[in-house]
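Working notes, beginning with the structure itself.
Note that the coordinates shown come from a computational prediction; the quantities given were computed from them, not determined experimentally. We use all heavy atoms of the structure for the numbers below, so side chains are in, but hydrogens, waters and symmetry mates are not.
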Amino acid sequence: MTLTCNGQPAQVEDLLPALVNYGHFTSLQVRDHAVQGLDLHLARLSHATRELFGSELDMAQVRAWMVQALRQAGQGDASLRVTVYSRHFDFRNPLAAVPVDVLVAVSAPVTLTAAKRVRSLAWQRELPQIKHVGTFGLFAERRAAMAEGFDDVLFVTADGEMSEGSTWNLAVHDGERLLWPQAPALRGTAEALLKQHWPGAQATQPLRLADMAGVKAAFACNASGLWALEAIDGHVLPGSQALAEQGRAVLAAVAWDGLG
């Protein structure tokens, strides 16, 4: 992995403020120096910077740093994580205006396709609409689910509405339509692209665990891939592989946006 801060090789003093755990990020896959849904990733960074720091992010500069980081790593295919934080942020005075900093991490490319069995949990991330760096709960709950023999965890609200997975979005098919949960969640870039390009009927609505009896197919998706959900809480979903293949075909037809 290579790591830069504001376009320069990251130093220890650049990384120490990240221990405050206040910031946000986006993760994306790069293939031949291009990204699917690049505008969605950049919009996510811009919006979250405004919400968490009250300032504007220079998106042209961020994009240039992304290109530079890939060039320095010598990789045209990669996993890229862009993190926005501030070396000057003081948790004792969080309203103080501070400049933001941008970390760009480059690592090996990833494509996720393996089917998974998940269990549900009544739990919700803080500020679910923001892809913030407070990921402890996500990984702790995923670990707990795996310790019980599952592959991952699906979060539901206190009244039983499904929202999102640990690091992914959920879609189910009721035999007629592709359905997306309406509950508060981080709306992912893969979800947005699928909603835009899905060829059949679809809807966003409350999806309750209690209504899953008639559902025969579901998939999970994020910027790293799309995979079938074989079962939720032991409820087997026999049509998930076919649905996931359809989802991957839809994404395969989406154009890739050049970074440079």
Leu103 versus Thr4: any side-chain heavy-atom pair under 4.5 Å?
no

Using side-chain heavy atoms (C-beta onward) and a distance below 4.5 Å, is Asp211 in contact with Val215?
no

Grouping I, L, V, M, F, W and Y whenever their side-chain heavy atoms are under 4.5 Å apart, do Leu42 and Leu40 come out in a common cluster?
no

Looking at Asp14 and Gln11, would you say the former's side chain and the latter's main chain have a donor-acceptor pair under 3.5 Å?
yes

Kindly give the heavy-atom pair with the smallest separation between Phe25 and Ser27, and that separation in Å.
CE1-OG, 3.5 Å

Do the side chains of Pro181 and Gln205 get nearer than 4.5 Å, heavy atoms only?
no

Do Trp65 and Val82 have side chains that approach each other closer than 4.5 Å (heavy atoms only, starting at C-beta)?
no

Side chains of Trp180 and Gln202 only: does a donor on one sit below 3.5 Å from an acceptor on the other?
yes

State plainly whether the residues Asp77 and Arg31 are in salt-bridge range, i.e. N to O under 4.0 Å.
no

Is Leu193 reachable from Trp256 through a run of I, L, V, M, F, W or Y residues, each pair having side-chain heavy atoms under 4.5 Å apart?
no

Please say yes or no: joined through hydrophobic side-chain contacts below 4.5 Å, possibly via intermediate residues, are Val153 and Phe150 part of one cluster?
no

Kindly work out whether a path of hydrophobic side-chain contacts (I/L/V/M/F/W/Y, heavy atoms less than 4.5 Å apart) joins Leu229 to Val156.
yes

Relative to each other, are the rings of Phe53 and His24 parallel, tilted or perpendicular (30° and 60° limits)?
tilted

Which heavy-atom pair separates Ala218 from Ser240 by the least distance, and what is that distance?
N-OG, 2.9 Å

Applying side chain to side chain contact (heavy atoms under 4.5 Å, CB included), can you list everything that pairs with Glu230, at least two apart in sequence or on another chain?
Ala115, Arg117, Gln241

Hey, does the side chain of Asn169 reach the backbone of Leu186 with a donor-acceptor pair shorter than 3.5 angstrom?
yes

If only atom types and distance count, is the side chain of Ser79 paired as donor or acceptor with the main-chain N or O of Ala108 below 3.5 Å?
yes

CE of Met146: more than 12 outside heavy atoms within 6.0 angstrom?
no

Side chains of Leu52 and Phe89 in contact at under 4.5 Å (non-hydrogen atoms):
no

Output, in order, the C-alpha distance, side-chain angles, deciding distance and verdict of side-chain contact (heavy atoms from CB on, under 4.5 Å) for Asn21 and Tyr85.
CA-CA 9 Å; Asn21 203 36; Tyr85 72 117; over 6 Å; no

Arg248 side chain to Leu226 main-chain N or O, any donor-acceptor pair under 3.5 Å?
yes

Are the side chain of Asp58 and the backbone N or O of Ala60 linked by a donor-acceptor pair below 3.5 Å?
yes

Using atom types as modelled and distance alone, determine if a side-chain donor or acceptor of Arg142 lies under 3.5 Å from a backbone N or O of Gly165.
no

Given 3.5 Å as the limit, does a donor-acceptor pair link the side chain of Ser163 with the main chain of Phe155, or not?
yes

Which atom pairs, one a donor and one an acceptor, fall under 3.5 Å between side chains of residues 118-126 and the rest of the protein, sequence neighbours left out?
| residue | atom | partner | partner atom | Å |
| --- | --- | --- | --- | --- |
| Arg119 | NE | Glu148 | OE1 | 2.9 |
| Ser120 | OG | Asp233 | OD1 | 3.3 |
| Ser120 | OG | Asp233 | OD2 | 2.5 |
| Arg125 | NE | Glu164 | OE2 | 3.1 |
| Arg125 | NH1 | Ile130 | O | 3.3 |
| Arg125 | NH2 | Pro128 | O | 2.4 |

Ser107 and Arg81: side chain donor to acceptor below 3.5 Å
no

Are Phe91 and Leu15 grouped together when hydrophobic residues (ILVMFWY) are joined by side-chain heavy atoms under 4.5 angstrom apart?
no

Within the 4.5 Å heavy-atom criterion, are Leu170 and Met162 side-chain neighbours or not?
yes

Are the side chain of Ser86 and the backbone N or O of Pro99 linked by a donor-acceptor pair below 3.5 Å?
yes

Using the rule given for side chain to side chain donor-acceptor pair (under 3.5 Å), can you reason through Gln72 versus Thr2, listing the C-alpha separation, both sets of side-chain angles and the distance that settles it, and then say yes or no?
CA-CA 8 Å; Gln72 291 176 352; Thr2 63; over 6 Å; no

Validation row: Phe139, Ser166 side chains within 4.5 angstrom (heavy atoms):
no

Do any N or O atoms from the side chain of Asn6 and from the backbone of Val102 form a donor-acceptor pair under 3.5 angstrom?
yes

Begin with the C-alpha distance, continue with both residues' side-chain angles, and end with the deciding distance and a verdict on side-chain contact (heavy atoms from CB on, under 4.5 Å) for Leu45 and Met59.
CA-CA 8 Å; Leu45 293 174; Met59 301 314 302; 4.2 Å; yes

Hey, does Gln129 have a side-chain heavy atom less than 4.5 Å from the side chain of Pro184?
no

Derivation of the side-chain contact (heavy atoms from CB on, under 4.5 Å) call for Ile232 and Met212
CA-CA 9 Å; Ile232 298 175; Met212 286 295 290; 3.6 Å; yes

